[in-house]
Amino acid sequence: MAMDINEDDENNKSNMTKSKRKELGLSCMLNTEIGALLAVIRRAPESNPGFYHHPDENYDVSILQSLKSLRALLFNPQQEWRTIDPSLYLSPFLDVIQSDDIPAAATAVALQSILKILRVGIFDEETPGVKQVMNSSVMAITSCRLEKTSPITEDAVMMRILQVLTAIMRHRASTLLTDNSACTVVNTCFQVVQQSANRGDLLLRSARHTMHELIQIIYSRLPEIEVKDWENSESDTEDNNVDSGYGIRSAIDIFHFLCSLLNVMEVLETDGVVLQNVVDENIQLFALYLINSAIELSGDSIGKHPKLLRMIQDDLFHHLIHYGASSSPLVLSMICSTVLNIYHFLRRSMRVQLEAFFSFVLFRVASPGSSLQLQEVAIEGLINFCRQPTFIIEVYVNYDCDPSFRNVFEETGKLLCKYAFPTTGHLTSIQVQAFEGLAVIFHNIADNIDKENDSTSSEPYPVEIPGYRPFWEEKTKEDDYEKWVDHVRVRKLQKRIILIAGIHFNRDEKKGLEYLKISRLLSDPPDPKAYATFFRYTPRLDKTMIGDYLGDPSEFHIRVLKEFTDTFEFTGMVLDAALRTYLETFRLPGESQKIQRILEAFSERFYDQQSSEIFASKDSVMILCYSIIMLNTDQHNPQVKKKMSAEDFIRNNRSINGGDDLPREYLSELFQSISTNAISLSSDQSGPTINMNPNRWIQLVNRAKNIQPFILCDFDRRLGRDMFATIAGPSVATLAAVFEHSDEEEILHECIEALFSIARIAQYGLEDTLDELLSSFCKFTTLLNPYASSEETLYAFSHDMKPKMAMLAVFTIANTFKDSIKGGWRTLIDCLLKLKRLKLLPQSIIEQENASNSIPDEKLESGVVFPNQDPKFGNRRHISGIMGRFLNFMSMESVEEALNLGFSEFEQNLKIIQQCRIGTIFSTSSTLPRDSLLNLGRCIIFAAAGKGQKFSTPIEEEEAVGFCWELITSIALANTHRFSSFWPHYHDYFLEVAQFPLFSPIPFSEKAIVSLMKICLKLLASLEQLESSEELIFKSINFMWRMEKEILDTCCEFLVQSSSKIIAEFPGKLQTHLGWMSILHLLSVTGRHPETYDQGVETLIGLMSKGTHITRTNYAYCIDCAFAFVALRNSKIEKNVKIMDLLSESATLLVEWYRTGYTDPGSCASIASNASGSSSSIEENSRIHNPITLFQRLGESLKKTSLARREEVRNHAVMSLQRSFVLAEDLLFTPANCINSFYNIIFAMVDDLHEKMVQYSRRENAQRETRSMESTLKLSMEVLTDVYLHFVKPISESPNFRTFWLGILRRMDTCMKADLGEYGESRMPDVIPVLLRKIVMVMKEKKILTLSGDDDLWDTTFYQIQWIAPALTDELYVCAV
C-alpha cells in the first residue's frame, strides 16, 4: 500500500512538472515575441541608420511601456495562462498594429506574434474575457494602419493580416465572434483581394485562398445553426441578440455580399476617355467559386433558413440567369456548376427558377446564334445535369408533364440530337460531346426501367383520360403511388391534347375549344378556370383571338377574363411593368368596350396586390392605365407628329386618385419608362426573343410562391417509357447517323452501347421504335444495297469492321428482344436471305444450332461463350454481359488475333455469323407474343414468295425459298402448343401471296409442301393433338399442291415417305376428314411412280389389313386410294388382288357399324367442328357416314375397277364385288337397299362392260381385247345371277320388283344379242340361257313366279323369255304346268 502511495505521489509530481514546463514554455514564447517586437521598434530608420535616436522621440511611450510591463509579468504569473484574460497579453500587440507611428516591419512582427499566440492555443473558448478579446482582435487587425513604405513590405504585412484572420476564424473560440466581426473579416479579406489585383501574384493568390477558407469555415457551421423566429418573416429586421456568436445573420449578409460581387462593374478607358462599364469577369468567377463553396458546405441546410433560401431563389438566381445568357464560356461554366449544386441540395424550392435557367440560359445559349465555345459549354452543362441519377425523370415529371411549364426533358433530348447529328464527313468535338450526352440519357433510362427485380408491369399500359380532370391541378406524391403515376401520365396526355387544341384554336376558335371538350379537358357545365388556364399557358396561341374572347361581354366570357387575370401575380411590380406583363399574353382588342372590360379586370387585380398605398381605388388604376396606353400610342406612333411631354402627361393625370394627385415622381418615372420602352401591342406570335428582365423576374418569383414544390421521385417503368417516347424518333435517327459517319472504334462501340440501351427501353411497349432501330442499323450491314453485286457486297462486308458490328448488334438484339419486334422482321429476313446468297450461312442454321444446344455452353474458337438459354428481358446483368462480350469480340485486337492465326476472310465472316445465333431466333420463338409471331411469319412468307427479292438464277431462287420455308418450319415446330392461334393467319398469307402479279408457284409450292409435311409430322407426334391444328395444316398442304400439281411428281418420294410414316405411326392421331382425305390422296397420287409404288401400296395394305384405324371418317378415302392404286396401268396384279380382297372384306366393318350404331372419334370430331353450322350440314354429314352410303361407295369403286385394262384385275374386281354383297347381307336386308345397290352397282357394271365390249368390237386389231372383255361380261352376268338369287327374297318384296325383274331380263336380252362384228359370234348366247333358267327355276321354287299371282309377272316373264331364249319357253313353262 505504501508503494501505491509513492507511485501516486510520483505521478502527481510528474504531471505538475509537465504543467509547469508548459507554462514556462508559453512564458518564454511570449517573452521572445515581445523582445523581437521591441527590437524592431527600436531599430534605427533605414534612411539614417548611423544616427542614434531615442524611442520616445518617435513612438507612443505607452506602447513601449505596455510591452515592458507585460514582459515583467511573464515569469511571475499568478495563475495558468489558460485562465488569464487574453487581453492582458494580446492588447500590447494589438496596440502596435493600430498605431499610426509604428513602422510596417514592427506591424508585421506584431501580426506574426498574434498568429503564433492563436496557433499555440494559450486560451480557448472557456477562458475569461475571450469573447471581447476575439472581437477586439478582429477590429484591431481589420483597422491595421501602415506608414508609407515599400510595396514589398506592405504585401508582407497584408499576408500576415490574412494569416491572422484565418487563424482567428479557425480558433476554437471563433464561435464567440459576433456576426458583425465575421462579416468584417470577410470584407477585409476581400479588400485585400481587390488591393492585390495590381500587386504581386502571390498576394492575390493568398488573398483568394484565404477568402475561400473563410467561406468554408463560416458555411460549414450552417447545418449546426438553429432556425430563428425572425427568419420566417418577410421583412429584413433581425433579432438583436448578439451574445450567441456569429451565425445565420452573418451567413445571410456574406451571401448577399457574394451575390453583389456578380454585378461588379469594370471601367474601360482609352486615353483617359471612359468607353464603357463592363462586368469584371475575374470578380464574377471568384464570387461564383465562393458561392459554390458556400452551397456545397451548407448543403440542404440552406433550405431550413428562409431568408437565406429566399436570397438564392431571388437574388442569386436572377444574377445567374442574367449573366449566364451573356457571359464568357468560363463564367457560364461556373454558373452551370453553381446551378447544379443548387439542384442537388435545394431543388425542392427551385422549381420555377430551374426551368427559367434552362429556358433563358442553356437552351438559348445552345442556339445557333451563340459562339461555338458558348454552345459547347451549354451542351456540357446540359450533359452534367443529365448525368445525375434522377435528374431526367424528375425534370420530366415536374416540367414535361405539367401544362404550365416547358417540355424541358424533351427539348433537352432533341437539342442534343440536333447537335449530335452529323452533317459533314467527320464528327466535330461538339457533335461527339452531344452524342455522349444522348448516350448518358439512354443508359440512364435503360438501367432504371430494365431492372431485374422490378415488379412493375411491362405491358404497354396505354394512357386514357377516364373523365374530366382539372389539368391545372397537381397531385402530391405522398398519395397512393400508383394513382400518382397515373395522374402524371394523364397530365402529360392532357398537355399533348392542349397543344393540339391550340393548333385547332388558331384556325377556328370554336373547333379548338370543342376539341378540348371532346378530349374531356373541359367540364360540363364549363369551368371558366379551364378556359383561362388554356389561354394563359398554351404556347403559340393567336393573341388576337385571345383578346377578342376575353373582351366579349357575355357573362361566361367575363368570368373567364376574371380567372385569366387572377393567374397573374403583380406583387412588387410597378404599374407599367404589370401592364406590360399582362398585355404580353394577348393583343388588346380595338373595340373600346372590350378594352374597358379588360382594363377593369386588370385594375382590380393590380389594386388588390399593390405593395404601397399610392392608389386610392381601383378606378384610379384603371384611369392611369388608359392614360398609359394613350401615352404609349403618342410616343411610338410615327403618325403622331407632336409628342406629349412629361409635364403634359402629369397635367393630364391630375386629381385622378380619388380627387388627389398621384406623386409627381411616380408619374414622371412612368413617363420615362413608356417613352424609352414601348408597350408591345402586336399580335405577332413569333415576335422578338423574350428576355429575362426585372419585371418578368418579379412575376416568376411571385409564381414560385404559389406552385407545388419540386417533386422528388425515382424512375418508374411506365414513366421512363413515356419519357423516352418523346425523343425516340430523333434519337434513333441521330444514333444511326453517328454510326454511319464515324470511323473511330471508340465511338462505334459507344453507338452499339446506345443501341442496346434503346432496345432495352423499347421492349416495354415501344415496338415501333425497336423496328425503326433495327431497320436503321440493318442498312449498315451492306447487305441491303440493291445496286451492289454479291461480290461487291461480300468485299464490303469482309473489309470493314462497321458492317460486322452492325450485323452482330442487330441479331443480338433480335435474339434478346425478339418479343417486342413487329415490323422490323422484314429487314432482318432480307439480311438473312442476302447472307444465304453469299454462302455465309450453313445449309441448315436451325439444325446446326439445335445440335449445339445439347451442350450447356458453346465455346467458340474466338473464346466467347454464349449461353444457350434465351435471355430474360429484365436481366440487366445479362445485358451488360452481352455488351462486354460483344465489345471484346468486335475489338481490333480480336481481329488482329484472327489474322495472326491465319484465318481467311471467309472464315472470319463465318465466325461473325456464328456469333449472331440466327437459328436461336426461330427455334426459341415460343415466347414471342402473337403479334410479333404473326409479323415474323408474314415477312418470311412474303420473302419466300419473292416480295422485294431479286434472283439472278433459278438455283438462287430455289435456295432462298427453301431457306425461308426452313425458317417457317422452325417457327411452327417451336409453337405447336399454340398452332391453332397463329396458323390461320399464315394460311391467309399463303392466299395473299398467291395473288401477287409476278408470283411463281415453283419453287414456292414445292418447298412449301415439304416443310408443311414436316410440320404435320411434328404436330401428329405431339402428345396433345388438337383437331383444329390438324385441319389447319392439311388445309395448307392441299392449297399448295392444288396451286401447282406438278410438285406431286417432283416431291413424290418425300411425300410418299411422309404419308406412309403418318399412316404407319400416327393413324390414331388423324381425326378429321380433311386429314385422312389429304394424306390418302397424297399417298395415292405420289405412289403412282415406279420408285414409290411399293411403299405406297404396302402402306395402304397395312392400314386396311389391320382394320383397327378404319373408321367411317376415312373409309371412303381408303376406297378412293385403293382404287387409285388398282387403276394404275403398271401396277402389280398380286398387289391389286390383295387390295380388292381387303376392299371386299371391309364390308364386314360396314355391317358391324350398322349393327352397333358405331360412332368413331373422327366422326364426332367432324360433327363437333360443324356444330356451329346449320342442321342441314349435320344431316348431310350423317348421310355421308351412313354404312349404306359407304357400301355404295365400295361397290362403285369395284365397279370402276371391273373396267380395268387387264382381265385378271377386272375379273377379280367382279368377284370381289360379289363377295362384298354377300358379306354385307345384314346391311342390305331391306328391299329398297337391295334394289338401289343393284341398280347403282351391278346393273351399272354390266351395262359398262357390255358397252366397253361393243366399243372394242368396233376397233381394228382389238379382237383380244374384245374377247377378254366378253369374258368379264360373262363373269359379271354370273355374279348378277348369284347375287340376285342370294337376295331374291327381300328384292321380291319390293313394290318395284316387277320393274327390277324386267331390268335383269333386259340386260340378259342385250347380252344375248351382242354383236361382235368381224370378230365372230358372241359366246354370251351360250351362257345367258343357262343363267336365265337358273333364275327362273329359283323364282318358281320360291313362289315368286307363279300363275296364281294377281299381276301379270308370269305372262310378262313368258313373253320376255320367248324373246330372249325361245328354246327355254317350253322347258320352263312345262315344268311349271
Side-chain angles (χ1 to χ4, degrees), residues 379 410 412-428 430-443 445-446 724-763 766-788 793 796-797 800-818 820-832 834 883 886-887 890 912 916:
I379 294 299
E410 182 177 350
T412 300
K414 290 182 177 179
L415 183 66
L416 292 177
C417 289
K418 176 183 175 181
Y419 272 97
F421 199 91
T423 55
T424 57
H426 296 284
L427 296 179
T428 62
I430 193 170
Q431 288 172 339
V432 174
Q433 183 186 33
F435 175 70
E436 291 175 352
L438 275 179
V440 168
I441 294 176
F442 300 156
H443 301 329
I445 298 176
F724 181 75
T726 62
I727 63 169
S731 298
V732 172
T734 302
L735 177 61
V738 172
F739 187 82
E740 180 180 7
H741 287 80
S742 177
D743 295 322
E744 297 181 17
E745 183 180 357
E746 183 179 355
I747 295 180
L748 292 179
H749 284 171
E750 289 181 3
C751 289
I752 298 301
E753 291 180 359
L755 177 71
F756 276 92
S757 292
I758 293 178
R760 292 169 60 193
I761 301 169
Q763 67 175 310
L766 298 177
E767 291 83 2
D768 293 342
T769 300
L770 187 58
D771 293 340
E772 183 182 356
L773 191 70
L774 291 174
S775 300
S776 299
F777 270 76
C778 278
K779 68 180 181 181
F780 299 125
T781 62
T782 69
L783 301 177
L784 301 181
N785 186 357
Y787 304 105
T793 302
F797 184 81
D800 191 357
M801 179 62 69
K802 193 181 296 184
K804 298 175 184 177
M805 294 181 72
M807 172 70 68
L808 187 53
V810 163
F811 282 101
T812 303
I813 288 177
N815 260 305
T816 311
F817 306 105
K818 57 179 176 290
S820 303
I821 302 175
K822 288 186 178 180
W825 289 119
R826 178 179 178 182
T827 50
L828 292 173
I829 299 303
D830 289 342
C831 288
L832 290 181
K834 194 58 177 286
M883 196 62 227
F886 176 89
L887 297 179
M890 296 309 301
I912 296 290
C916 293

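The shortest heavy-atom contact between Ala420 and Leu438 is CB-CD1, 4.2 Å. Contact detail for Gln763 and Phe817: the closest heavy-atom pair is NE2-CE2, 3.4 Å. Residues Leu416 and Gly437 come closest through the heavy atom pair CD1-C, 4.0 Å. Nearest approach of Leu773 to Ala759, heavy atoms of both residues: CD2-N, 4.0 Å. Across Phe797 and Lys804, no two heavy atoms sit closer than the pair O-CE, 3.2 Å. Here the closest heavy-atom approach between residue Ala788 and residue Thr793 is recorded as CB-OG1, 3.6 Å.
Considering CD1 of Ile821 and CZ of Arg826, their distance stands at 15.5 Å, rounded to 0.5 Å. In this structure, CE on Met805 lies 10.0 Å from CD1 on Ile912, to the nearest 0.5 angstrom. Distance check, rounded to the nearest 0.5 Å: NE2 of His426 to OG1 of Thr428 gives 12.0 Å. One distance of note links CZ of Arg760 with OG1 of Thr816; it measures 11.0 Å at 0.5 Å rounding. Ile761 CD1 to Ser820 OG: the interatomic distance, rounded to the nearest 0.5 Å, is 12.5 Å. Note: Leu755 CG to Glu753 CD = 10.5 Å, rounded to the nearest 0.5 Å.
A search for ring-ring contact (aromatic ring centres under 6.0 Å, His included) contacts involving Phe811 returns nothing, not counting sequence neighbours. Partners of Glu772 by side-chain contact (heavy atoms from CB on, under 4.5 Å), not counting sequence neighbours, listed by chain and number: Val732, Ser776. Applying the side chain to side chain donor-acceptor pair (under 3.5 Å) criterion to Ser757, with sequence neighbours excluded, gives His443. Residues satisfying the side chain to side chain donor-acceptor pair (under 3.5 Å) test with Lys802, not counting sequence neighbours, are none. Residues satisfying the side chain to side chain donor-acceptor pair (under 3.5 Å) test with Gln433, not counting sequence neighbours, are Glu380. The ring-ring contact (aromatic ring centres under 6.0 Å, His included) test applied to Phe777 returns Phe739, Phe780, not counting sequence neighbours. With sequence neighbours excluded, the residues forming a side-chain contact (heavy atoms from CB on, under 4.5 Å) with Ala762 are Leu766, Thr769, Leu770, listed by chain and number. Under the side-chain contact (heavy atoms from CB on, under 4.5 Å) criterion, Ala796 pairs with Thr782, not counting sequence neighbours.
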Open item on the list: side chain to side chain contact (heavy atoms under 4.5 Å, CB included) for Val738 and Gln431? Distances and angles first, verdict last.
Closed with: CA-CA 9 Å; Val738 172; Gln431 288 172 339; over 6 Å; no
Task: Trace of the side chain to side chain contact (heavy atoms under 4.5 Å, CB included) decision for Ile727 with Phe724 - done: CA-CA 6 Å; Ile727 63 169; Phe724 181 75; 4.2 Å; yes
TODO: Apply the test side chain to side chain contact (heavy atoms under 4.5 Å, CB included) to residues Leu735 and Phe435: give CA-CA distance (whole Å), side-chain angles for both, the deciding distance (0.1 Å), then the verdict.
DONE: CA-CA 8 Å; Leu735 177 61; Phe435 175 70; 3.7 Å; yes
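A donor-acceptor contact shorter than 3.5 Å links the side chain of Lys818 to the backbone of Asn815.
None of Leu784, Thr781, Leu783 except one satisfies the side chain to side chain contact (heavy atoms under 4.5 Å, CB included) rule with Asp830; the exception is Leu784.
Annotation: side chain to side chain donor-acceptor pair (under 3.5 Å) contacts involving residues 734-743, sequence neighbours excluded, are absent.
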